[in-house]
J.: 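After the C-alpha cells below, expect a handful of questions from me.
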Amino acid sequence: MDMSESARSGSEAQQRYNPAEIEPKWQARWDADERLYAAEGHDSGKPKFYCLEMLPYPSGQLHMGHVRNYAIGDALARFMWMRGYNVLHPMGWDAFGLPAENAALKNNTPPAEWTLANIAAMRRQMRRMGLSYDWATEVTTCLPDYYRWNQWFFLKMYQRGLAYRKKSKVNWCPECQTVLANEQVIDGKCWRHEDTVVEQRDLTQWFLRITQYADELLSGLDTLEGWPEKVRTMQRNWIGRSEGTAVDFAVDGAAEKITVFTTRVDTIFGATSVQLAPEHPVARSFAACDPALAGKIEEMIAQQKAAREAGDMGAIEKHGVATGRFAINPYNGERVPIWVANYILADYGTGAIMSVPAHDERDFEFAGKYGLPVRRVIVPKDGANGAGDLPYTAEEDSVLVDSGQWTGESCVAAQQAMSAFAEANGFGTATVTYRLKDWGVSRQRYWGTPIPMVYCEKGHAGIEPGGIVPVPESALPIVLPAQVEITQQGGSPLGRVASFVNTTCPVCGGAARRETDTMDTFVDSSWYFYRYTDSKNSAEAFSSDKANYWFPIDQYIGGVEHAILHLIYSRFWTKVMRDLGMIRNDEPAARLFTQGMVIKDGAKMSKSKGNVVSPDDMIARYGADATRMYALFAAPPDRDLEWQEEGVAGVSRFLSRVHRLTMKYSESAGQRVSESATNAGTGSAEQALLRKLHQTITKITMDFSGRWHFNTCIAAIMELVNAIVASEPQMDSGEVPAAVAAELFRNLTLMLAPFAPFLAAELWETMGGEGAVFRVSWPVADEGLARENEVEIPVQSNGKLVTVVKVPAGSDEATIKAAALADAKVVARLEGKTVVKVIVVPGKLVNLVVK
RNA sequence: GCGGGUGUGGCCAAAAUGGCAAAGGCGGCUGGCUUAGAACCAGCAGAUUGGGAGUUCGAAUCUCCCCACCCGCACCA
C-alpha cells in the first residue's frame, strides 16, 4: 500500500517498463556506434575469444530457431566482453542456393535482388533483437568479393589433385533439378524436399577429394574434446573406416577375376560362395552371354530402385541367383559358386564379397535360404571343438580350425598373417575401406559459384579437344551473369547464356566453353568464418596473421542438423587450407555447442504444420529482451524448447518488476558506493540480501564457464529479485542502507546485461553508470559475504527428517553432533531407543541410525 | 537391429562429487487495487522424481532389468 502510493506519487522516473520505447532508443544508439561491438587488434593485450553462430540462409524471415541460436551466442559474447576478452562476434549470409531461383520463378525477381532484399530485412531483425555483431566484418557469400575465393580455392585444389572430374552414378533431385552430394540425401530423399525421391543418374561431375583426408578427419575427432560426443560419433559413423583385406578370386574358365573385400579374411576357409552386386562388371559380363541371368539381374536392379523410391530399403527381402559359374578361393584352391545378390552394394568395398555362413549373420541367413553349405572354421579358444551355435561371429578368444597352415592361430593373428600371405603371393592386399565418398560439388543451377574451368574446343599441346583448362587466377572472379532466364528444366541455366559460355582458351586463345555447373553451396559455408577475420581483403581470401590470431574458433554454436554436412566439409576445408600454408590450426573450432530445436505443440515449428511463432510478433508484443530471455530461460540450451507464449509474458513481467524496483531505488542505486559493502552494517536484512547477491554472482559466473545452463542463471536472478521484493519494507525504512541497495541494483543490472541488454543499458544509464553496461567488468563474488554465518543442519533418524538445528557456519563434527543430540525433538524421538551410529557430514546433515 | 538422449507437481523445468521429500517460471486458487476487466501488488495450494529390484546410514542422483517417447545410423561385407 505504501508501495503503490509511493509508486504513484513518484516522479517521472517511476514510469512503467515499456520495451517498445526503450528498445528502439537503444538500438538507434547502438546502430550509430560502429565501434561498439568491434573486435580489437592483436595487440590489445587481452585474451581473444572468437564467438561464432552459424550463419543463416537469408530466407527473409528470422525464425525462432535463429532467435535461440543467436540469443545463446549473444549472451556468451557479452559475458566474455565483461570478463575482459577481445571478442570477435561476426555475422553473415549463406546467400547462394535454390530458394532464390524458386522465388525468381514465382515472382519474376532476379535471385540477386531477392536475396539482397532478404538480407536487408533479416539484418534489420537482428538489429532489432539487439544482437552484438560487428557488422563491419559481415560476409555475404553470393557477392563476387567472396565467391571469387571459392574459385581460387577450387583452382588450388585442382592443382593439388583434390578437385577432379569423373563420370559416375550421382544422386539427382528432380525437384531441385540438380545433383546432390551423398550427405544431402536423407533416407533416399532430398535434404530440401523430404517428399522427393532422389534418382540415380550417370553424369560427369566435379568432385573434391575429401577421402584423401578421411583418416585425419577420423583421428582428429579424438582431439575435439569440446565437441558433443554425439556429433563426433555421427562423424565417425559417416566416415565409416573399416580395415580388411582385398582378395582376388579367379573365375573358373575365364580370364576375369573377382576382388572381394572382407574384414574377416581369417574365415576364408569357410567361404562357400562369392556374392556380386547386380551392377558388378563381372555379373554384367556373365549376363552378356546368359539372357536368363541378365533378366534376373535387371529385375533385381529395378526392384532396388523401386524400393529406394518407396524409401523402404529395409523391407526388401534378401535374394540372389546362382550364375552357374565358379570362383577359385586362392587360399585353398577350392571352387565356390558365384551368385548375384541384391543385398550387395555396388558402391561399397569392391561390390563383391565372399560368403562365410558359419561366421556372419547375414551370410548365414542367405545360405539357409538357398541351401548353401555352412562350414565352421572358427571356434572358441577354450571351448570344445565345434561348441556353440552358428553363426559364430566372435573374434576375441577364438582360434581357426580346418584352415590349412593357419589352423590353431587366433583370429587377429591370422588376419594379419593371411593378409601378408596374400600380398606375398600377389592375390590380395590389406586394405582400408571408407563409407565416406568424395564430395560431389557440381550443381546444375544458376545461383551458385561458377566453377572456374573452361573446355578448350580444339585442344592444344597436352590438352585433347574439349579438355579441361583451369582459368588463371588473374581472371578471377568469374562473375555470375546477371541476366539469366531461370527455368526448371534442361540442365544448368548458365548453359543458355551464350555470353557466359562462349569464351577463349586461356592457354591457346582458341574457342572454349565455360563450365556451366556451379558449386554446391556447402562450399561457401566451409570457410566463411575465416573470411570474417579479414572480410575486406581484396588481395587474398584472408590474411594468415589475422586467421592465426583468431583461430581456432573458441565457441561455435548451431543446430545439430549440421553435424555431418557443414561440419565435416568445414573440417576438410580447414585441413586443405593448412596444407596450403594459409593457417596453422588443424581444426576450425575448439568447442562446438549444438542447441536444441524449438518446438510448438509437440512438433518442430514448420510452415506445413502451421505452428510457427514469428519473432516479430513476440518482439512487438513483449519486446526483444523478453523474447530472447525466454528463449534462454525455458529450457537448457542443448535441449529442445517448447515455445509457450505465457512464458514470454512471464519473463516480461519479471523484467518489468526489475524495472520498477530499480526505478524506485534508482536514486540510492545511483550513489557511488563510497565504502566497500563489506563494511556495511550488520542488519540481518542487508546481510541476507548481500549474501543472496554474492551467491547469485558465483552461480552465474560458474554457469557461464561450464555448461551454460542459462535457464538456471535466469532463475537465480529471479530468486535474487524475489528476495529484494521481500525486503522492500526494510529498504523503505532505511534499515537496509542505501549503499547496500546501490550494490544490489548495480550488480543486478550487470548480471542482466548478457540476457536483456536493452533493459540493462536503460537501467545502467538511469543509475548514472558510465559507459556501455556490457563493457563494465563482470561482478566478482565476495566469498565472505556469500558465506552463511549460521547454517541449518537437518537431523535425520534413519534417513527421515526429524528437525533442523542451527549451528555457526564451519562448525566441526563434534559441535554439530552435540547440537543435534541436544535438540528437544531429537531427545523425544530417541526415547527408549538405541543409537547405533551417528553420521555427521559437516555443513550438511546429521543422520542418527537408531534401533 | 546398432548407437545416443529423455522420462521430476496440470505444463516448462532446477537440484557439482549420493546428503534438509525437490529452485525458478507458467497455469490454478484467495485477497488487495479497480465500476468492471487488464496490468500491478500480497499470499496460498500442488510432486515420495516412468516401473521394478539392488548398493547405502541415506538415492532424482550409483548398478541391473523393464516400459514409453525422441534423435542419429542402418543389408557397410
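Only heavy atoms go into these numbers, but all of them, side chains included; no hydrogens, no water, no symmetry mates. Chain letters run A, B, ... following the sequence lines, proteins first and then strands; every chain starts at 1.
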J.: Give the nucleotide from the list B:A77, B:C73, B:A15 with an atom nearest to the side chain of A:H709.
T.: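 Among B:A77, B:C73, B:A15, the one nearest the side chain of A:H709 is B:A15.
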J.: From the options B:G24, B:A13, B:A15, select the nucleotide whose nearest atom is closest to the side chain of A:A635.
T.: B:A13
J.: Using atom C1' of each nucleotide, how far apart are B:G19 and B:G24 to the nearest Å?
T.: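 To the nearest whole Å, 22 Å.
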J.: With a non-hydrogen cut-off below 4.0 angstrom, is A:V725 in contact with a base, only sugar-phosphate, or nothing?
T.: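 Touches sugar-phosphate only.
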J.: Please report the distance separating the P of B:G52 from the corresponding atom of B:U61, rounded so that it comes out in whole Å.
T.: 13 Å
J.: Counting heavy atoms from C-beta on, name the nucleotide in B:G25, B:C57, B:A77 closest to the side chain of A:I839.
T.: B:C57
J.: Just how far, in rounded Å, is P of B:C12 from CE of A:M64?
T.: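 These atoms are roughly 19 Å apart.
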J.: Which heavy atom in A:P330 sits nearest to a heavy atom in A:D248, and how many Å separate them?
T.: CG-O, 3.3 Å
J.: Counting side-chain heavy atoms from C-beta on, which of B:A77, B:C71, B:G25 comes nearest to A:K230?
T.: B:C71
J.: To the side chain of A:L345, which of B:C76, B:C41, B:G7 is closest?
T.: B:C76
J.: Please pick, from B:G24, B:C76, B:A13, the nucleotide with the shortest atom-to-atom distance to any side-chain atom of A:R362.
T.: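 Output: B:C76.
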J.: Any chance the side chains of A:S419 and A:T245 put a donor and an acceptor closer than 3.5 Å?
T.: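 Yes, side-chain donor-acceptor contact under 3.5 Å.
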J.: Without decimals, in angstroms, what is the distance between A:Q644 CD and B:C11 P?
T.: 11 Å
J.: Less than 3.5 Å apart, any donor N or O on the side chain of A:S355 or A:D360 sitting next to an acceptor on the other?
T.: no
J.: Could you check which of B:C57, B:C26, B:A77 has an atom nearest any side-chain atom of A:T263?
T.: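 Looking only at side-chain atoms, A:T263 lies closest to B:A77.
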J.: Using a 4.0 Å heavy-atom cut-off across all strands, classify A:N722 as base, sugar-phosphate, or nothing.
T.: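 If one applies the 4.0 Å heavy-atom cut-off, A:N722 turns out to touch the sugar-phosphate alone, with no base involved.
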J.: Take atom C1' in B:U63 and the same atom in B:A23, then report the distance between them in whole Å.
T.: 28 Å
J.: With rounding to whole Å, what would you report as the distance between B:G58 and B:C2 at their C1' atoms?
T.: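 About 38 Å, rounded to a whole number of Å.
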J.: Rounding to an integer number of angstrom, what distance separates B:G1 and B:G9 when you compare their P atoms?
T.: 29 Å
J.: Which value, in whole Å, describes the distance between the P atoms of nucleotides B:C29 and B:A38?
T.: 11 Å
J.: Scan side-chain atoms only and decide if A:H709 and A:D703 contain a donor-acceptor pair under the 3.5 Å cut-off.
T.: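 No, A:D703 and A:H709 have no side-chain donor paired with an acceptor closer than 3.5 Å.
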J.: Rounded to the nearest Å, what distance is computed from the CD atom of residue A:Q796 to the C1' atom of nucleotide B:G58?
T.: 6 Å
J.: If I pick the C1' atom on B:U49 and the same atom on B:G18, what distance separates them, to the nearest angstrom?
T.: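 Looking at atom C1' only, B:G18 and B:U49 are 15 Å apart.
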J.: Under 3.5 Å, is there any donor-acceptor pair linking the side chain of A:N847 to the base of B:C57?
T.: yes
J.: If only side-chain N and O atoms count, and only distance matters, is there a donor-acceptor pair under 3.5 Å linking A:Q415 with A:E243?
T.: no
J.: Please classify the nucleic acid contact of A:V841 as base, sugar-phosphate, or nothing, using heavy-atom distances under 4.0 Å.
T.: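 Answer is base: heavy atoms of A:V841 come under 4.0 Å of a base.
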J.: For B:G10 and B:U56, measure between their C1' atoms and round to the nearest Å.
T.: 35 Å
J.: Considering every strand and a 4.0 Å limit on heavy-atom distances, what is the contact class for A:D640: base, sugar-phosphate, or nothing?
T.: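 Since only primed, P, OP1 and OP2 atoms lie under 4.0 Å of A:D640, the category is sugar-phosphate.
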J.: Reckon A:I714 touches a base, only the sugar-phosphate, or nothing at all at heavy-atom distances under 4.0 Å?
T.: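 No contact.
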J.: Would you say B:A77 has OP1 or OP2 under 4.0 Å from some side-chain N or O of A:S242?
T.: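 Yes, A:S242 has a side-chain N/O under 4.0 Å of OP1/OP2 on B:A77.
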J.: Mind checking A:G650 for me? I need base, sugar-phosphate or nothing, with any heavy atom below 4.0 Å counting as a touch.
T.: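 Here A:G650 touches the backbone only, sparing every base.
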J.: With no hydrogens and no angle check, just 3.5 Å: does a side-chain donor-acceptor pair link A:Q235 and A:T233?
T.: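 There is no such pair between these side chains.
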